[in-house]
Amino acid sequence: MSLIRFNPWQSYHKQPFGAVKENGLARLSVEVIAENIVQVYLVIHKDHQPEQRIMMQQQENGFYSYQYFFNQGKGLYFYHFEVHSTVAGQTKVEYYGASEQGGEGQQYPSTDRIWNFQITCYQKEETTPDWYRKGTFYQIFPDRFCNGNKDQKINSPKENTFIYATEEDEPLYVKGPEGDILRWDFFGGNLQGIIKKIPYLKELGITGIYLNPIFEACSNHRYDTSDYFKIDPVLGTEEDFKELLDELHANDLHLILDGVFSHVGQNSQYFNVNGSYGANSGAYRDRHSEYFSWFNFIDYPHDYESWWGIKDLPEINKNDPKFREFIFGEEKSVLTKWNKMGVDGWRLDVADELPDDFIAGIRKNLDRFPEKILLGEVWEDASNKVSYDVRRKYILGDHLHGVMNYPLRDGAIDLLNEQKSPENVAKSLTKLYENYPKDIFYNNLNNIGTHDTERILTMLGSHIKKLDLAFGFMFLFPGIPCVYYGDEAGLEGRKDPENRKFFPWKSMNREIYDNCRRWIQYRQDNDVLINGDLSFFYTNNLFGILRRDGDQYVAMLMNPTNYPKTVNGSLTFIAEETPMIQEIRTRLNNRTLAENSYILISSKQKQTSIDLMKQMQSSTKV
């Protein structure tokens, strides 16, 4: 068997690293050591297009190279190699493709089993304004953050709902026999409460807010929109919202809204099952309603398409021209109204449910306004996501600026709970880095918890040191860190509704708060964490993140285990050896890390994380 080597993460095998711009070039060089080689082929094809079999040119030292021209437009390109040789007068063909983990490939016995390498070809860079790229965000679930009313009363309580007696109460759903919500519950957090806590957010180091839905709805989460043009009265008024925007901007904070355009509430003015918007209005009650074409009825009016079969959420036909004009038309549309008021961007709920051209229409609307950003809720690798049998174009240009980085959260939990090895986590995240256009990767909204996930502290077994490592993981990773409200205060809880408790203003965990605040400050003090390149390093037990830009670097080595570990010269870097990496090896060699601890080094300061963190802690006043 021939010896074949190819690793797209090494520059002597592939240049440039990762994604390639449309009409750009990539040099692919595979190393082959074998006798009687007849020819080596690059076999490549654009997604859903015929394969090209290209003869590679022989170079020195057993390398065969080809410079491929990406002139077939944006999309995904898949490739592997074929080595043709002669053995005893017979032609022998060997196949070399990708490994599931990424990095170094592997040989395959036939093409029907081969795993192809991927190259993402994108249309354009997706630059974002500095306020976003350099920011630190904070996600707020409005009902659970703060009641800003002086008398602490709830604004406009809804019929057939209940209000908790104290902010410390545990959230609870009252469900019917089929699992549907019979009574929605409210704590009474509102827009004035967010205004009231702007000093807290600034003290923490937050520069932007991602706000869960705020438009009128029946539920506490408001993903069942009733009126896209109206602020939910429980949260306040449109004047309150304008005041919030003005106060945020006056304090150099920005605001991203949650856009829920896949479905509406069954009791919305658009569907109106219960008749609250009039006995003869809405698609459910009137076939001639202006909203009738938005929905797909199977057997009018009771049987209709709904989001994931939840009857409370009638699904919208996103291809309907009237709905598109309603959402992102140039004049009098939902986006135009709130963009003109001054919101700084949108996060698209369930982006998988929105057609690519619908997302492109939203993006076109936002591009009419200065410095707006568009993010999408995508839980997997967004480069090769298939939704409803369609390969998505989320990150190929003129669609999303970035996505929510759930793979980062998964990697952090897998690592810190020792469910996957440091090597496995390092390779899976490098593969993600490889697949994304660089701008997209650095525009991603990074999270270790959201309203849709279990609380990170709970997932880490209530272990404060592990949570500190998780914060470090997120703040050193490329992209924009986003803290889910209360994670910095020690909130715990599993799935909804446990992960949506009211903020513990009277019982914050100050140790966790201090840890989070120091990581925010550390990122703000080190520009290399904004734009620096990314690579990982590891041992069998230890995991490291390296960010570097020119001669500047920051490196963190963490011990996620419950036992002390010593670096004994066994560090493996997913990067080519350079004087910088040699320096990092020397600085870390023979160092002992206590259980669930880390060492943080940088080119600016020749100090350990313990010294640095003690300095930051002594200067921190809460």
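Atom CG of Leu348 is separated from atom CG of Leu374 by 4.5 Å, given to the nearest 0.5 angstrom. Residue Leu235 holds its CG atom at 9.5 Å from CG of Asp240, rounded to the nearest 0.5 Å. With rounding to the nearest 0.5 angstrom, the CG atom of Asn509 is 6.0 Å from the CD atom of Glu511.
Using a cutoff of 4.0 Å between basic side-chain nitrogens and carboxylate oxygens, Lys124 and Asp398 are scored as salt-bridged. Ion pairing of Glu170 with Lys501 is present here, as a side-chain N (NZ or NE/NH1/NH2) and a carboxylate O approach within less than 4.0 Å. Ion pairing between a basic and an acidic side chain is recognised when a charged N comes within 4.0 Å of a carboxylate O; Asp487 and Arg455 show such pairing. We find that Glu247 and Lys242 are not joined by a salt bridge, their nearest charged nitrogen and carboxylate oxygen being 4.0 Å or further apart.
Side-chain atoms of Glu492 and Ser462 include a donor-acceptor pair closer than 3.5 Å. Side chain to side chain, Asn339 and Trp346 meet the donor-acceptor criterion of an N or O pair below 3.5 Å. For the residue pair Ser421/Tyr538, the side-chain donor-acceptor check at 3.5 Å is not satisfied. The closest side-chain donor-acceptor pair between Trp519 and Asp468 falls under 3.5 angstrom. If you check the side chains of Thr566 and Thr592, you find a donor sitting under 3.5 Å from an acceptor. Asp525 and Gln521 share a donor-acceptor pair across their side chains, judged by distance under 3.5 Å alone. A donor-acceptor pair shorter than 3.5 Å cannot be found between the side chains of Tyr210 and His254. Under the 3.5 Å distance criterion, with hydrogens and angles disregarded, a donor-acceptor pair is assigned to the side chains of Trp9 and Glu434. Judged purely by distance below 3.5 Å, without hydrogens or angles, the side chains of Glu104 and Gln10 never pair a donor atom with an acceptor atom. Counted by atom type alone, Asn562 and Glu595 present zero donor-acceptor pairs between their side chains at under 3.5 Å. Side-chain atoms of Tyr394 and Asp352 form a donor-acceptor pair, as typed in the model, at a separation below 3.5 Å. Under 3.5 Å, the side chains of Asp258 and Tyr223 contain a donor-acceptor pair of N or O atoms. Defined by atom type and a distance below 3.5 Å, a donor-acceptor pair is present between the side-chain atoms of Arg363 and His401. A side-chain donor from one of Arg133 and Asn531 sits under 3.5 Å from a side-chain acceptor of the other. Side-chain N/O atoms of Asn596 and His463 include a donor and acceptor closer than 3.5 Å. At a cut-off of 3.5 Å, with distance as the only test, a side-chain donor of His249 or Asp344 sits close to an acceptor on the other residue.
Figure legend: cation-pi geometry between Arg510 and Tyr513, with NZ or CZ positioned under 6.0 Å from the six-membered ring centre and within 45° of its axis. Judged by the 6.0 Å and 45° rule, Lys438 forms a cation-pi pair with Tyr442. By the 6.0 Å and 45° rule, Arg500 does not stack over the aromatic ring of Tyr484.
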Pair Asp367-Lys372, side chain to side chain contact (heavy atoms under 4.5 Å, CB included): steps then yes or no: CA-CA 7 Å; Asp367 284 347; Lys372 299 282 189 284; over 6 Å; no
Candidate pair Ile256 and Ile209, rule side chain to side chain contact (heavy atoms under 4.5 Å, CB included), full reasoning: CA-CA 6 Å; Ile256 294 174; Ile209 295 172; over 6 Å; no
side-chain hydrogen bond (donor to acceptor under 3.5 Å, both in side chains) evaluation trace for Ser383 with Gln118: CA-CA 10 Å; Ser383 73; Gln118 173 187 317; 3.1 Å; yes
Ring pair (Phe, Tyr, Trp, His ring centres under 6.0 Å) between Trp505 and Tyr200, worked out: CA-CA 11 Å; Trp505 295 109; Tyr200 168 81; 5.1 Å; yes
I would like to know whether Tyr436 and Tyr122 meet side chain to side chain contact (heavy atoms under 4.5 Å, CB included); could you show each step before the answer? CA-CA 9 Å; Tyr436 280 49; Tyr122 60 96; over 6 Å; no
side-chain hydrogen bond (donor to acceptor under 3.5 Å, both in side chains) between Asn499 and Glu454, intermediate numbers included: CA-CA 6 Å; Asn499 59 355; Glu454 299 89 339; over 6 Å; no
Determine, step by step, whether Leu354 and Val350 satisfy the side chain to side chain contact (heavy atoms under 4.5 Å, CB included) criterion, reporting the C-alpha distance in whole Å, the side-chain angles of both residues, the deciding distance to 0.1 Å, and the verdict. CA-CA 7 Å; Leu354 306 176; Val350 293; 5.7 Å; no
Full working for side-chain hydrogen bond (donor to acceptor under 3.5 Å, both in side chains) between Glu371 and Tyr132: CA-CA 9 Å; Glu371 296 199 329; Tyr132 179 70; over 6 Å; no
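Listed here is the closest heavy atom pair of Thr120 and Asn435: OG1-O, 2.6 Å. Residues Gly490 and Ile512 come closest through the heavy atom pair CA-CD1, 3.7 Å. Residues Ile359 and Arg392 come closest through the heavy atom pair CD1-NH2, 3.9 Å. The minimum heavy-atom distance between Phe503 and Glu488, with the atom names listed, is CE1-OE2, 3.3 Å. Scanning all heavy atoms of the two residues, the minimum distance from Phe477 to Asn446 falls at O-ND2, 3.7 Å. Scanning both residues, Gly135 and Thr207, for their nearest heavy atoms gives CA-OG1, 3.1 Å.
Around the CD atom of Glu100, the shell of radius 6.0 Å holds no more than 12 heavy atoms that belong to other residues, nucleotides or ligands. Atom CZ of Arg494 has 12 or fewer neighbouring heavy atoms from other residues, nucleotides or ligands inside a 6.0 Å radius.
In this structure Thr561 satisfies the side-chain hydrogen bond (donor to acceptor under 3.5 Å, both in side chains) test together with Asn559, sequence neighbours excluded. The side-chain contact (heavy atoms from CB on, under 4.5 Å) search around Asn149 returns Asn147, Asp151, Asn155, Asn190, not counting sequence neighbours. With sequence neighbours left out, Asp232 forms a salt bridge (charged side-chain N to carboxylate O under 4.0 Å, His left out) with Lys158, Arg222.
Here Phe543 and Phe537 keep their ring centres 6.0 angstrom or further from each other.
The salt bridge (Lys or Arg N to Asp or Glu O under 4.0 Å) pairs that include a residue from residues 373-382 are Arg347-Glu377, Glu380-Lys385, where partners are two or more places apart or lie in different chains. Within the structure, the salt bridge (Lys or Arg N to Asp or Glu O under 4.0 Å) test picks out the following pairs touching residues 571-582 (sequence neighbours left out): Glu577-Arg585. The salt bridge (Lys or Arg N to Asp or Glu O under 4.0 Å) contacts involving residues 545-572 comprise nothing, where partners must be two or more places apart or lie in separate chains.
Using cut-offs of 30° and 60° for the angle between ring planes, the Phe145 and Tyr485 rings count as perpendicular. Ring geometry for Tyr433 versus Phe17: interplanar angle of 30 to 60°, hence tilted.
In this structure, the side chains of Trp379 and Thr453 come closer than 4.5 Å at one or more pairs of heavy atoms.
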